[in-house]
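The sequence lines fix the lettering, A, B, ..., with proteins before strands; numbering per chain opens at 1.
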Amino acid sequence: MALRFYNTLTQELQDFRPLEDGKVRMYTCGPTVYNFVHIGNFRTFTFQDILRRWLQYRGYHLNHVMNVTDVDDKIIANAAREQKSLEEYTSVYTKAFFEDAATLRLQQPEHVAPATKHIPAMIDSIERLVAKGYTYTNDGSTYYRISAFPDYGKLSHNDFSGIRSGARVDMDEYDKADARDFVLWKARKGNEPFWETPFGEGRPGWHIECSAMAMSYLGETLDIHAGGVDLIFPHHENEIAQSEAITGKPFARFWLHAEHLHIESQKMSKSLGNFYTLRDLLGMGFHPESIRYLLASVPYRKKLNFTFEGLKMAAKSIERLRDFELRLTSTRLPPGRGEAIAARSQEAIRSFEEGMDNDLNTAEALAAIFEYVRAMNSEINEGRFKEENRWDAARVLEIFDLIFDVLKPSDIALTAQVNGKGESVSLTDAEVESYIEERSAAKKSRDFARADEIRAQLQERGITLEDTKDGVRWKRK
RNA sequence: GGCGCGGUAGCCAAGUGGUAAGGCAGAGGUCUGCAAAACCUUUAUUCGGCGGUUCGAUCCCGCCCCGCGCCUCCA
């Protein structure tokens, strides 16, 4: 089956083909940098990362643009309060965002586009809308008249035909001619930051940045536009209204939207005290891979209930895969290559691909991997898994990790072993090895008490020992 | 009120018109000096409720109940 996505625009699953063979033009809505972004935001960004990786795995050359909203009401207000320039204020959170993204192993888009660096493109877009008669001004601000765009509502599937501005609305009494109209350019107020334009001093409305930047980087029609469900209306609806009014062409062919994340079954909110940033969670001792796994393992169109129990489960799931990976390299195997196992490995890859092709059904894809791991563990126990099958299995894990990217422990995980007093209790590999030698000697002389004592001490310091037929194996927790 | 999403085992979560993937947790067993890891067995006669269509529905239709989102800034 071909790669297919659920398209919000058509409300159905559609086979994905880009406009141009082999190339995908993708635009995603990035962060508004007025604060540290929270874990719910990262659910969406993780979805976008999985999408990126899968498109690349499927052989597409990606051109992905992500905007950074670095000018809006909140930013201006916060910056003013801290008596900082916009730039000073937003650079802190922009930097933090990309650090967090890297911690979660999110790939960098090909282009990151801060709004304030693209004002001329926005001005150009607005001028074109003005020329085509889609706008009106009021108090120095320029508005988009949605009644001029008959398709308005096609993305969110709302019917606005009944609430068009009519005789009842007196324009003199309202900022906007129609409640649904939105601002393209906001008139300068007081000491707020502003830019000079043919239609007055001011700053851009929120929606215009995405239309202008998307089209200037990617052309008039995008293959994919993605974001969180809350952006469907009005943000994405307005982007369509702006862009298609300018070009007369479809703005984006596939609209993909990630569902929201809840915390312990509740909406995340500051008043409930369940508002977490990535940094909060890392501070509680959770590993980035666990967070990434949890965010990625629930298919993106399903609400994700983020719980601490879920994070622990994620960590255990990763551990199971890592144990299998370790077993592949540390077990002595009979020579040769089991053909049935080679074939089973191919089958696992096919199932994994099928799950991912199915609108990025990560739960289905994961099931393929776990079923495979169980089967292979069995084959190893039975002696049918041969020396050269290592490469077959390694390939399966490699493909899995190309997308999920959770097998390699984070540096943080390696170094952040601290005891209750906050002191580092990490051991070097050499130290661990020497303890293992001491324990082996104790075992040889049947001093099991001493051997168990060493094992327990290592366990306390995050080192787990496993006695196997092929010697002692150890891993860090 | 309008538009939309969802309710599957203790938790997370796939799925199909023909009778329920996977992960975590639990129970029993094999292996082990003991553990750990791994494997085996086991854990929903049942998929929110009630009707309907059908030879047959968790999956299709209708109604109802519950949870949630958007309709104003929001991933």
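- Between P299(A) and T32(A), the residue whose closest nucleotide on RNA chain B is further toward the 5' end is P299(A).
- Residues forming a salt bridge (Lys or Arg N to Asp or Glu O under 4.0 Å) with E379(A) (at least two apart in sequence, or on another chain): R384(A).
- For E259(A) and C70(B), the CD to P distance is 10 Å, given to the nearest whole Å.
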N/O contacts under 3.5 Å, protein versus nucleotides 36-42 of chain B?
unit_1 : atom_1 : unit_2  : atom_2 : d
A36(B) : N1     : D467(A) : O      : 3.4
A37(B) : O4'    : E466(A) : OE2    : 3.4
A37(B) : O2'    : R473(A) : NH2    : 3.4
A38(B) : O3'    : N377(A) : ND2    : 3.0
A38(B) : O2'    : R327(A) : NH1    : 3.1
A38(B) : O2'    : N381(A) : OD1    : 3.4
A38(B) : O2'    : N381(A) : ND2    : 3.0
C39(B) : OP1    : R320(A) : NH2    : 3.3
C39(B) : OP1    : N377(A) : ND2    : 3.3
C39(B) : OP2    : R320(A) : NH1    : 3.4
C39(B) : O4'    : N381(A) : ND2    : 2.9
C39(B) : O3'    : S378(A) : OG     : 3.1

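- Residue pairs that meet the salt bridge (charged side-chain N to carboxylate O under 4.0 Å, His left out) test with at least one member in residues 301-312 of chain A, sequence neighbours left out, are E259(A)-K303(A), R301(A)-D359(A).
- Annotation: salt bridge (Lys or Arg N to Asp or Glu O under 4.0 Å) contacts of K386(A) (sequence neighbours excluded): none.
- Contacts between residues 357-370 of chain A and RNA chain B, defined by a heavy-atom separation below 4.0 Å, involve N358(A), N361(A), A363(A), E364(A), A367(A), F370(A), listed by number.
- Environment of CZ in F324(A): crowded, with over 12 heavy atoms of neighbouring residues, nucleotides or ligands closer than 6.0 Å.
- When each of C34(B), A75(B), C5(B) is scored by its nearest atom to the side-chain atoms of R439(A), the top-ranked nucleotide is C34(B).
- Using a 4.0 Å heavy-atom criterion, one finds that L261(A) contacts the bases of the nucleic acid, with or without backbone contacts as well.
- Pairing for A14(B) is absent, with no Watson-Crick or G-U wobble pair whose two atom distances lie under 3.5 Å.
- Interface residues of residues 64-74 of chain A facing RNA chain B, ordered by number: none; criterion, heavy-atom separation under 4.0 Å.
- Across the interface with RNA chain B, nearest-nucleotide mapping of N305(A) and D452(A) shows N305(A) to be the residue nearer the 5′ end.
- Across all strands shown, A37(B) has no partner, as no Watson-Crick or G-U wobble contact with both distances under 3.5 Å is found.
- Scored by the ring-ring contact (aromatic ring centres under 6.0 Å, His included) test, Y217(A) finds H111(A), H118(A) as partners (sequence neighbours excluded).
- With sequence neighbours excluded, no residue forms a salt bridge (Lys or Arg N to Asp or Glu O under 4.0 Å) with E371(A).
- Comparing atom distances between the R455(A) side chain and each of A75(B), A21(B), C34(B) picks out C34(B) as nearest.
- Under the salt bridge (Lys or Arg N to Asp or Glu O under 4.0 Å) criterion, D447(A) pairs with no residue at all, not counting sequence neighbours.
- Taking F194(A) as the reference, R188(A), E196(A), E201(A) meet the side chain to side chain contact (heavy atoms under 4.5 Å, CB included) condition, with sequence neighbours excluded.
- Of all nucleotides listed (G23(B), A75(B), A21(B)), A21(B) comes nearest to the side chain of E371(A).
- Here C71(B) presents its C1' atom at 13 Å from CG of L155(A), a figure rounded to the nearest Å.
- Under the salt bridge (charged side-chain N to carboxylate O under 4.0 Å, His left out) criterion, the residue pairs touching residues 388-398 of chain A are R337(A)-D392(A), E387(A)-R390(A), R395(A)-E398(A), with sequence neighbours excluded.
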Could you pull out every donor-acceptor pair under 3.5 Å between side chains of residues 344-352 of chain A and any protein atom, sequence neighbours left out?
unit_1  : atom_1 : unit_2  : atom_2 : d
S345(A) : OG     : I341(A) : O      : 2.8
S345(A) : OG     : Y372(A) : OH     : 2.7
S351(A) : OG     : E347(A) : O      : 3.1

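- Between F45(A) and F97(A), the distance separating the two ring centers is shorter than 6.0 angstrom.
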